[in-house]
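Before any comments, here is the structure.
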Amino acid sequence: MKKITVLFFLFYMLSSIYSYAITLHSPDNNLELIFQIKSGKPVYELSYKGHSVIKESSLGLELKDAPSLMNGFELVDSTISSFDETWQPVWGEEKNIRNHYNELVVTLDQTDTDRKIILRFRLFDDGLGFRYEFPQQKNLNYFTIKEEHSQFAMAGDHTAFWIPGDYDTQEYDYTESKLSEIRGLMKSAITPNSSQTPFSPTGVQTALMMKTDEGLYINLHEAALIDYSCMHLNLDDKNFIFESWLTPDALGNKGYMQTPCQTPWRTVIVSDDARDILASRITLNLNEPCKYEDTSWIKPVKYIGVWWDMITGKGSWAYTNDLYSVRLGETDYSKTQPNGKHSANNENVKRYIDFAAEHGFDQVLVEGWNEGWEDWFGKTKDYVFDFVTPYPDFNVQELQEYAQNKGVKLMMHHETSASVRNYERHMNKAYQFMVDNGYNAVKSGYVGNIIPRGEHHYGQWMNNHYLYAITEAAKYKIMVNAHEAVRPTGLSRTYPNLIGNESARGTEYEAFGGSKPFHTTVLPFTRLIGGPMDYTPGIFETQIKNVNPDNDSWVRSTLARQLALFVTMYSPLQMAADLPENYERHLDAFQFIKDVAVDWEKSLYLEAEPGDYITVARQAKNTDNWFIGNTSDENGHTSRISLDFLTPGKTYIATIYSDAADAHYETNPQAYTITKGIVTDKTQLNLKSAPGGGYAISIIEAPDNLSLKGLKKL
């Protein structure tokens with residue numbers, strides 16, 4: 001009897017310290033999650049086809065002025081369930097998206113404090129999502145987060161594609177390196193920006209893309225970022241453990257919570273095929289369904305804009321050079337001398353409207369139309385714009401009527417200069433102004449340091465603002481394209497009028513010194529994991545000095561790759577960003593931009609290797625027409641692709657826009673060829689992309705045999 005008592009006591013003690021492991025498998029059984037409590041700490045690990053993806057990693061939160069939620073836990077309940085649905089987004093890369101996962105929900109009791117938390121894990125065939133949930137309870141009601149300590153322990157010194165961790169900008173070029181090399185490369189990776197706050201020599205941003213020596217592709221990100229701070233990752237580069245690092249507010253606090261509540265989802269996408277990372281819909285699936293009953297007013301948009309001439313320095317946002325400062329409502333612009341470079345003038349805008357109407361574009365963006373641009377930046381100015389008062393040379397009613405008569409809409413621009421209090425002060429009046437004058441889409445911007453001063457672009461307070469702007473816009477049936485905002489986390493499923501974001505280093509940087517040639521082979525694996533990007537592609541004149549002699553920057557891309565980006569850089573909001581006159585010199589190549597769709601039935605990822613090349617085929621929604629794009633790094637790429645995704649028995653006309661034999665992003669970027677021919681589902685194509693190049697293909701179902709006359713099989 002004494003022996004049995006001792007054994008029982010030992011068993012009791014061990015089970016208290018080492019809780020039994022709970023195992024969860026993905027629907028296809030390739031992924032395995034193991035969860036357990038060890039010494040009172042919740043830990044998890046993840047493997048893929050028997051290979052370690054996340055080694056044993058701890059979970060928990062550190063609170064301010066309260067006991068932490070990191071240890072002292074007992075497992076009190078666990079449930080496993082399955083879910084399988086197919087849903088249709090308002091717009092997207094597919095008409096139908098499958099949401100299929102197995103779920104583990106564990107309830108943990110911190111006995112010393114009588115507090116409970118729930119950990120919810122969802123395991124898909126392509127990855128994992130998990131989050132913390134806090135039920136309403138007596139001893140956990142209001143609390144302040146000092147830090148979230150979610151770990152992602154890597155199994156080795158992986159290759160990573162990363163940008164510096166920063167509370168205020170994502171507009172960095174990517175660096176490819178081993179995890180162990182991040183610390184040594186961080187200083188050179190941090191390049192100047194209008195607002196930036198890097199936080200650690202080993203801090204990086206999500207979505208973080210990695211590749212293991214064994215050929216596994218791993219992506220870390222988050223989904224459904226609502227009422228919470230944006231998560232970065234800080235690396236313990238001796239043990240290769242990433243840990244969550246939240247964006248603080250002006251007081252240094254990282255989150256204010258009231259139960260019941262939850263964190264965003266933390267995501268791990270994994271595969272042994274890079275194409276599966278691009279095809280993953282985990283980020284969208286972890287968001288709630290659409291909140292709007294009526295979405296008929298939300299439409300994908302292809303647009304041009306009065307923008308690139310200001311970005312290059314050819315033109316100006318400001319109306320005059322006479323003013324040292326502006327006081328809205330007091331400054332009399334009729335008494336100033338126009339500078340002659342103001343781009344948003346009636347004549348120039350009409351030229352863009354005419355071009356849009358002639359070539360079938362939906363909208364024309366106009367920046368710099370409203371008073372206040374003379375002192376808009378760098379002054380920490382509160383009342384910087386009112387978003388309704390035009391300059392003397394911009395007649396809102398006249399231009400709106402002109403555009404309407406041409407079948408074109410104007411797109412609004414709201415640059416806040418990061419004065420968020422001011423924007424919210426004017427927001428409803430500005431949205432009503434849009435409705436009254438026929439605008440249904442707005443590009444907003446948050447350039448500079450945030451006002452209220454001390455807040456950061458990616459903190460909880462600002463994330464709540466971005467969502468407020470979207471939901472208020474929906475009341476006026478307005479679509480939003482936010483620049484300099486927090487990077488997307490799939491919220492476009494829930495709020496589909498969030499039709500675009502910048503939130504990364506876009507094409508504008510090609511006029512600010514240029515981006516690395518491999519940039520567009522990385523972004524779909526990183527930034528686009530969370531949602532579409534308003535990358536603003538389509539620059540045909542790659543030598544900026546030919547637009548503005550005072551600007552020596554140049555675009556690290558061939559012209560053919562600029563076409564391909566309309567397919568590889570997914571967005572329902574696509575801008576043909578160059579000047580009309582540059583397109584008019586290459587109307588044969590411009591035809592692809594006119595033809596390419598912006599909403600898709602299906603997307604197939606034919607080839608992919610982060611940092612090297614991406615080839616994507618997309619079927620235009622409700623048609624049997626396809627478009628293919630390839631973007632390649634500085635080494636170029638040779639493709640052999642099959643068109644077996646085409647409908648058997650049908651004949652198509654393919655137009656191939658490719659780099660010429662002597663094309664090169666440095667020496668001969670505008671050299672391209674156009675080949676037209678007949679293709680079927682049996683066709684295989686061999687195509688070569690130049691260094692920094694690519695190709696674009698339109699595949700249009702042949703209407704009849706007459707249309708095939710004179711064409712050869714490719």
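No side-chain heavy atom of P572 sits less than 4.5 Å from a side-chain heavy atom of D599. Considering only heavy atoms from C-beta on, D84 stays 4.5 Å or farther from N99 through its side chain. The closest side-chain heavy-atom distance from Q574 to P537 is below 4.5 Å. Residues L286 and R122 are in side-chain contact: their nearest non-hydrogen atoms beyond the backbone lie under 4.5 Å apart. Residues F592 and I697 form no side-chain contact, since every pair of their non-hydrogen atoms from C-beta on lies 4.5 Å or further apart.
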Would W162 and Y174 satisfy ring pair (Phe, Tyr, Trp, His ring centres under 6.0 Å), going step by step from the backbone distance to the final call?
CA-CA 5 Å; W162 57 275; Y174 279 89; 9.0 Å; no

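A salt bridge is defined here as a Lys NZ or Arg NE, NH1 or NH2 lying under 4.0 Å from an Asp or Glu carboxylate O, and K602 with E94 fails to meet this definition. Here E701 pairs with K650 in a salt bridge; the nearest charged N to carboxylate O distance falls below 4.0 Å. A salt bridge is absent between K178 and D157; no separation between the charged side-chain nitrogens and carboxylate oxygens falls under 4.0 Å. With respect to E601 and K621, no salt bridge is recorded, no charged nitrogen being found less than 4.0 Å from a carboxylate O. A salt bridge between E288 and R493 is absent, with no side-chain N of the basic residue lying under 4.0 Å from a carboxylate O of the acidic one. Looking at E85 and R98, no side-chain N of the basic residue comes within less than 4.0 Å of a carboxylate O on the acidic one, giving no salt bridge. A salt bridge is defined here as a Lys NZ or Arg NE, NH1 or NH2 lying under 4.0 Å from an Asp or Glu carboxylate O, and R275 with D273 meets this definition. Between E222 and R266 a salt bridge is recorded (basic side-chain N to carboxylate O distance below 4.0 Å). The pair E56-K38 meets the salt-bridge criterion, since a charged nitrogen lies less than 4.0 angstrom from a carboxylate oxygen. Between K516 and E634 there is no salt bridge, since none of the side-chain N atoms of the basic residue sits less than 4.0 Å from a carboxylate O of the acidic one.
Under the side-chain contact (heavy atoms from CB on, under 4.5 Å) test applied with T615, the options N630, L687, V567 reduce to a single match, N630.
Between the CD atom in E93 and the OG atom in S571 there is a gap of 10.0 Å [rounded to 0.5 Å]. Between the CG atom in N239 and the CG atom in L179 there is a gap of 12.0 Å [rounded to 0.5 Å]. A distance of 9.5 Å separates CD of E133 from SG of C261, quoted to the nearest 0.5 Å. Separation of atoms OG1 (T263) and CD (E148) is listed at 5.5 Å; rounding is to 0.5 Å.
Judged as a side-chain hydrogen bond (donor to acceptor under 3.5 Å, both in side chains), and not counting sequence neighbours, N287 has no contacts.
Note on ring orientation: taking the six-membered ring where Trp is involved, the planes of Y613 and H637 are parallel (angle under 30°, cut-offs 30° and 60°).
When every heavy atom of F240 is checked against every heavy atom of D237, the shortest pair comes out as CE2-O, 3.5 Å. Between T283 and A223 the shortest heavy-atom distance is O-CB, 3.8 Å.
Taking the six-membered ring for Trp, F130 and Y44 have ring centres closer than 6.0 Å. Between H232 and Y167, the distance from one ring center to the other falls under 6.0 angstrom.
There is a side-chain donor-acceptor pair under 3.5 Å between S82 and N102. A donor atom on one side chain and an acceptor atom on the other are found under 3.5 Å apart for T206 and H221. Using modelled atom types, one finds a donor on one side chain and an acceptor on the other under 3.5 Å when comparing D624 with Y652.
Side-chain atoms of T212 come within 3.5 Å of backbone N or O of L216 as a donor-acceptor pair.
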